[in-house]
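In what follows, a single structure is set out as structure tokens and then discussed.
Scope of the values below: all heavy atoms of this structure, side chains included, with no hydrogens, waters or symmetry mates. Quick note on labels: first sequence line is chain A, next is B, and so on, each numbered from 1.
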2 protein chains.
Amino acid sequence: MPKLVDHEERRAQIIDALLRVAADTGLHAVTMRSVAVEAGISVRLVQYYFDTKEQLLLAALDRLAARMGERVRDRVRRAGSSPAPRDIVEAVLLEAVPTDEESRTFHLVYTEYAVLSVTDPALGGRPFLAAPDEMEEFLVAQLTTAQRAGDADPELDARQEAVVLLAVSAGLGLSVLLGQRTAGDAAAVLHYHLGRLFPSR
Amino acid sequence: MPKLVDHEERRAQIIDALLRVAADTGLHAVTMRSVAVEAGISVRLVQYYFDTKEQLLLAALDRLAARMGERVRDRVRRAGSSPAPRDIVEAVLLEAVPTDEESRTFHLVYTEYAVLSVTDPALGGRPFLAAPDEMEEFLVAQLTTAQRAGDADPELDARQEAVVLLAVSAGLGLSVLLGQRTAGDAAAVLHYHLGRLFPSR
DNA sequence: TCTTTTATGGTACAACCATACCATCTTGGT
DNA sequence: ACCAAGATGGTATGGTTGTACCATAAAAGA
């Protein structure tokens with residue numbers, strides 16, 4: 001065997017190029033050529049590591065979803081020393097608001113994929129379903145914990161409130177992406193809403 | 001002068017064809033040819049009524065935004081006989097949840113445009129800004145009215161709550177579009193949340 | 001009836017796209 | 001030292017897209 005190239009590393013490098021292209025010229029501008037140019041390699045190589053464009057797009061989506069999962073888990077872990085449900089919930093939901101550049105890229109491209117999946121059958125079953133469901137269960141658990149601990153009104157319907165929380169963070173994140181609101185404003189609104197859910201005492 | 005053709009009607013017919021194509025094969029599948037086929041006319045005619053593709057897309061976006069404005073105003077008018085702010089707010093926000101097929105088409109295509117506008121400079125300034133701002137002011141007004149009438153907790157920050165409402169309805173609408181939730185569920189969640197904002201007594 | 005304007009069809013063209021194919025280095029094993 | 005296999009470059013091909021161009025039918029005004 002010849003040259004020794006780490007395939008996974010190469011693939012990651014190409015996918016990162018794709019994400020950069022998608023983030024600043026749109027998912028529709030992602031072509032074999034544009035990705036190759038952005039990655040600084042030849043088109044042939046993109047073909048070599050991802051046989052077809054569809055496979056390239058699917059691989060990029062997988063990486064995106066995995067990376068976003070990591071980011072959320074990191075947030076939970078970092079806020080995990082103080083086990084107050086309110087802090088955990090706020091940390092997790094804040095991940096939906098694009099603050100740093102990486103976050104913005106991820107959410108923009110992810111949203112582009114999500115919208116595309118509505119009409120493109122090839123993206124049909126993808127992780128657009130699983131992740132939100134997990135998240136909903138997680139939020140329900142946190143809310144009921146808080147209720148039992150007396151940190152949240154026991155009259156609340158935890159499941160409905162969880163769905164509201166998910167919708168709020170998605171809506172705020174989208175408005176930030178569209179440039180209607182700054183990330184700071186969105187974070188403040190989220191903070192306010194959580195303040196109503198978890199009365200300080 | 002010859003044949004007598006109502007230009008506006010023709011243009012509307014073509015734009016409707018575009019919306020149908022965009023709604024069931026995606027905005028990326030909107031091409032001069034696909035629109036012409038869907039409208040049952042020749043490509044040349046599409047060129048004739050909209051000189052360039054960009055102008056066609058912009059005209060379609062304008063029509064879309066206008067039509068959505070109409071729908072919201074209709075809702076307000078229909079719920080307007082009983083002037084309870086809560087009913088008005090619920091009616092308006094429910095418009096963001098795609099129930100009937102026309103509503104689904106509109107919101108899907110509108111969302112596709114909105115996401116596209118992030119990366120496409122030609123869609124830069126468009127109505128993605130104006131409409132939400134108007135809406136925010138409207139909601140603030142309704143909330144403060146309700147507070148003065150004793151129908152809502154005067155402790156609430158009307159502006160923050162308005163932003164939350166906007167985010168909730170956008171988030172719920174998106175989740176319905178993505179097939180994560182039914183329109184009925186989304187409406188129920190919205191109803192629940194409004195129930196918390198406007199205590200029955 | 002003739003002409004001028006409008007509405008339409010068809011086609012050609014240059015650019016771009018995904019992909020298939022052919023060739024050429026490079027290097028690990030023998 | 002050689003060779004087989006992996007890694008890469010270049011190019012050809014068939015299809016699609018937006019748009020420009022050339023034609024013609026139709027009908028309103030003279």
Just how far, in rounded Å, is [atom2] of [N] from [atom1] of [X]?
| X | N | atom1 | atom2 | value |
| --- | --- | --- | --- | --- |
| E8(A) | dA7(D) | CD | C1' | 16 Å |
| M32(B) | dA14(C) | CE | P | 20 Å |
| R33(B) | dG15(D) | CZ | P | 14 Å |

Ionic contact status for R67(B) with E70(B), cut-off 4.0 Å: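 Answer for the salt bridge query: yes.
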
Under-4.0 Å salt bridge between R77(B) and D74(B):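 Counted as a salt bridge, because a side-chain N and a carboxylate O are separated by less than 4.0 Å.
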
Which residues share a ring pair (Phe, Tyr, Trp, His ring centres under 6.0 Å) with F106(A), sequence neighbours left out: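 Per chain and number, F106(A) pairs via ring pair (Phe, Tyr, Trp, His ring centres under 6.0 Å) with no residue.
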
Side-chain donor-acceptor contact under 3.5 Å, R10(B) with Q13(B):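 Yes.
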
With E112(B) via salt bridge (Lys or Arg N to Asp or Glu O under 4.0 Å) - residues at least two apart: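 So E112(B) forms no salt bridge (Lys or Arg N to Asp or Glu O under 4.0 Å) with any residue.
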
Of residues 39-56 of chain A, the positions that come close to DNA chain D - non-hydrogen atoms, cut-off under 4.0 Å: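 Of all residues in residues 39-56 of chain A, the ones placing a heavy atom under 4.0 Å from DNA chain D are S42(A), R44(A), L45(A), Y48(A), Y49(A).
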
Phosphate contact (dA7(D) OP1 or OP2) by H7(A) side-chain N/O below 4.0 Å: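 Indeed, a polar side-chain atom of H7(A) lies that close.
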
Crowding at CD, E102(B) (>12 non-hydrogen neighbours, <6.0 Å):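 Yes, the 6.0 Å shell around CD holds more than 12 heavy atoms from other groups.
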
Side-chain donor-acceptor pairs under 3.5 Å in residues 158-165 of chain B, sequence neighbours left out?
{"from": "R159(B)", "atom 1": "NE", "to": "E136(B)", "atom 2": "OE2", "distance (Å)": "3.1"}
{"from": "R159(B)", "atom 1": "NH2", "to": "E137(B)", "atom 2": "OE1", "distance (Å)": "3.1"}
{"from": "R159(B)", "atom 1": "NH2", "to": "E137(B)", "atom 2": "OE2", "distance (Å)": "2.6"}
{"from": "E161(B)", "atom 1": "OE2", "to": "Y192(A)", "atom 2": "OH", "distance (Å)": "2.8"}
{"from": "E161(B)", "atom 1": "OE2", "to": "R196(A)", "atom 2": "NE", "distance (Å)": "3.2"}

Members of residues 10-29 of chain B that approach DNA chain C, where some heavy atom sits under 4.0 Å away: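 R10(B) - these, ordered by number, are the residues of the stretch whose heavy atoms sit under 4.0 Å from the strand.
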
Ring pair (Phe, Tyr, Trp, His ring centres under 6.0 Å) partners of residues 5-29 of chain A, not counting sequence neighbours, each pair once: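 Those involving residues 5-29 of chain A are H7(A)-Y49(A).
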
